[in-house]
Structures are given as structure tokens and as C-alpha cells.
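Below is one structure, written out as C-alpha cells, with a few remarks after it.
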Amino acid sequence: MEIPGDLRYSATHEWVSSISEGIVTVGITDFAQDQLGDVVFVELPKVGASVTQGDAVAVVESVKTASDIYAPVGGKIVEVNGDLENSPEKINLGPYTGGWIFKLRVDNPNALKGLLDAATYQATTEES
């Protein structure tokens with residue numbers, strides 16, 4: 001299981017990568033995509049939507065189940081990964097690269113400090 005050290009993580013298995021100027025990229029972790037199995041559909045959030053930390057903002061459906069994707073921090077959706085509409089399997093193939101789900105302009109950059117580092121996130125996956 002891959003858990004990049006340069007990302008931050010939520011307890012609900014989303015990862016966050018800071019880009020610049022308060023914008024972050026969000027996706028689901030390698031652990032999450034493995035638990036879901038083959039992803040067959042992604043319902044993306046709406047660009048321009050304002051979200052609060054913990055809001056369900058997207059849905060990933062697999063051959064096993066459907067799972068909500070939560071906003072790891074509050075902000076405004078500025079971009080979605082439209083490639084997932086025709087190729088949802090990109091989440092399985094590269095959850096940290098081509099499988100990102102949305103980009104968010106963060107309301108409060110300090111909120112990122114409340115997310116888990118890689119070691120802490122890994123410990124939570126071992127408890128599951």
C-alpha cells in the first residue's frame with residue numbers, strides 16, 4: 001500500500017496535496033481504492049460549489065459498493081477531474097496521480113494542519 005509522505009490525509013481516506021496559492025488537489029488513498037475494488041463510476045462535485053470540512057462532495061461507485069467522498073477541508077471547488085467520467089478506473093490505476101478527484105481553494109489554510117501525516121494515516125489503516 002502506497003502512502004506518500006508529502007501528502008496530508010483525512011480519517012475518511014482522502015488525500016490532500018497543496019498546489020499553490022491556497023489551492024489543493026484531493027483524491028482517495030491507495031488504501032481506499034483497494035478496499036472499494038474496481039471503480040466503475042464517479043459522481044464529481046460541481047465547480048464553484050462551496051463546501052465545509054466533512055461535507056460529502058462526490059461519490060465513487062465500485063463493483064462492490066458506493067462510497068461518499070468528503071471534503072477534507074472547507075473551501076470552493078475550482079476544478080474537477082473530468083477524465084474520470086469516461087475512465088473511472090484511473091482511481092485504481094493511480095490514486096495519487098491521474099485518479100485525483102477535485103481541486104479546492106481552501107478557506108482556511110491552517111485547517112490543513114489538522115489533517116493526518118503519512119505515519120499517522122498509516123497507523124489508522126492498520127487498525128482497520
Side-chain angles (χ1 to χ4, degrees):
M1 176 177 55
E2 184 182 2
I3 303 175
D6 60 334
L7 303 177
R8 303 296 283 184
Y9 301 88
S10 70
T12 52
H13 307 290
E14 290 83 17
W15 58 262
V16 177
S17 171
S18 292
I19 302 173
S20 65
E21 301 176 19
I23 296 177
V24 297
T25 302
V26 178
I28 63 170
T29 65
D30 191 28
F31 175 83
Q33 71 78 27
D34 184 61
Q35 294 294 303
L36 284 168
D38 293 336
V39 175
V40 296
F41 178 76
V42 180
E43 182 182 312
L44 297 167
K46 300 256 187 265
V47 172
S50 292
V51 298
T52 302
Q53 183 175 13
D55 283 355
V57 296
V59 178
V60 174
E61 293 183 17
S62 71
V63 294
K64 293 181 185 178
T65 189
S67 181
D68 287 332
I69 306 304
Y70 301 96
V73 292
K76 187 174 192 173
I77 307 287
V78 295
E79 186 179 346
V80 296
N81 186 352
D83 290 346
L84 298 178
E85 292 177 328
N86 294 321
S87 301
E89 69 278 3
K90 286 185 175 197
I91 289 177
N92 296 116
L93 299 172
Y96 302 112
T97 54
W100 63 274
I101 298 172
F102 61 92
K103 294 183 181 179
L104 183 73
R105 181 174 306 280
V106 179
D107 287 339
N108 177 5
N110 287 329
L112 296 171
K113 294 177 186 173
L115 297 175
L116 307 174
D117 62 21
T120 306
Y121 176 70
Q122 182 169 359
T124 67
T125 64
E126 292 168 356
E127 295 168 3
S128 297

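Among Val51, Leu84, Val26, Val24, the single residue meeting the side chain to side chain contact (heavy atoms under 4.5 Å, CB included) criterion with Phe102 is Val26.
Applying the salt bridge (charged side-chain N to carboxylate O under 4.0 Å, His left out) definition to pairs two or more places apart or across chains, those involving residues 98-117 are Glu79-Lys103. The salt bridge (charged side-chain N to carboxylate O under 4.0 Å, His left out) contacts involving residues 82-101 comprise Asp83-Lys90, where partners must be two or more places apart or lie in separate chains. Judged as a side chain to side chain donor-acceptor pair (under 3.5 Å), the pairs with a partner in residues 33-42 (not counting sequence neighbours) are, in order, Asp30-Gln33, Gln33-Asn92. For the salt bridge (charged side-chain N to carboxylate O under 4.0 Å, His left out) condition, no pair includes a residue of residues 50-62, sequence neighbours left out.
Thr29 pairs by the side chain to side chain donor-acceptor pair (under 3.5 Å) definition with Tyr121, not counting sequence neighbours. Under the side chain to side chain donor-acceptor pair (under 3.5 Å) criterion, Asn81 pairs with no residue, sequence neighbours left out. For the side chain to side chain donor-acceptor pair (under 3.5 Å) test, no residue two or more places apart in sequence or in another chain qualifies with Tyr96. Listed by chain and residue number, Ser10, Glu14, Tyr70 satisfy the side-chain contact (heavy atoms from CB on, under 4.5 Å) test with Thr12 (two or more places apart in sequence, or in another chain). For Ser67, the side-chain contact (heavy atoms from CB on, under 4.5 Å) partners two or more places apart in sequence, or in a different chain, are Leu36. Judged as a side-chain contact (heavy atoms from CB on, under 4.5 Å), and not counting sequence neighbours, Ala11 has no contacts. In this structure, the side chain to side chain donor-acceptor pair (under 3.5 Å) partners of Gln122, at least two apart in sequence or on a different chain, are Glu126.
Inter-residue side-chain proximity for Val73 and Val16 is flagged as unmet; no heavy-atom pair is nearer than 4.5 Å. For the pair Leu104 and Val57, the minimum side-chain heavy-atom distance is 4.5 Å or more. You'll find the side chain of Ser17 stays beyond 4.5 Å of the side chain of Asp6, heavy atoms only.
Clustering of Ile, Leu, Val, Met, Phe, Trp and Tyr side chains at separations under 4.5 Å leaves Val59 isolated, with no partner residue.
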Tell me, with the steps shown, if Tyr9 and Thr124 meet side chain to side chain contact (heavy atoms under 4.5 Å, CB included).
CA-CA 10 Å; Tyr9 301 88; Thr124 67; over 6 Å; no
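The 12-atom threshold is not exceeded at CD of Glu21, counting heavy atoms of other residues, nucleotides or ligands nearer than 6.0 Å.
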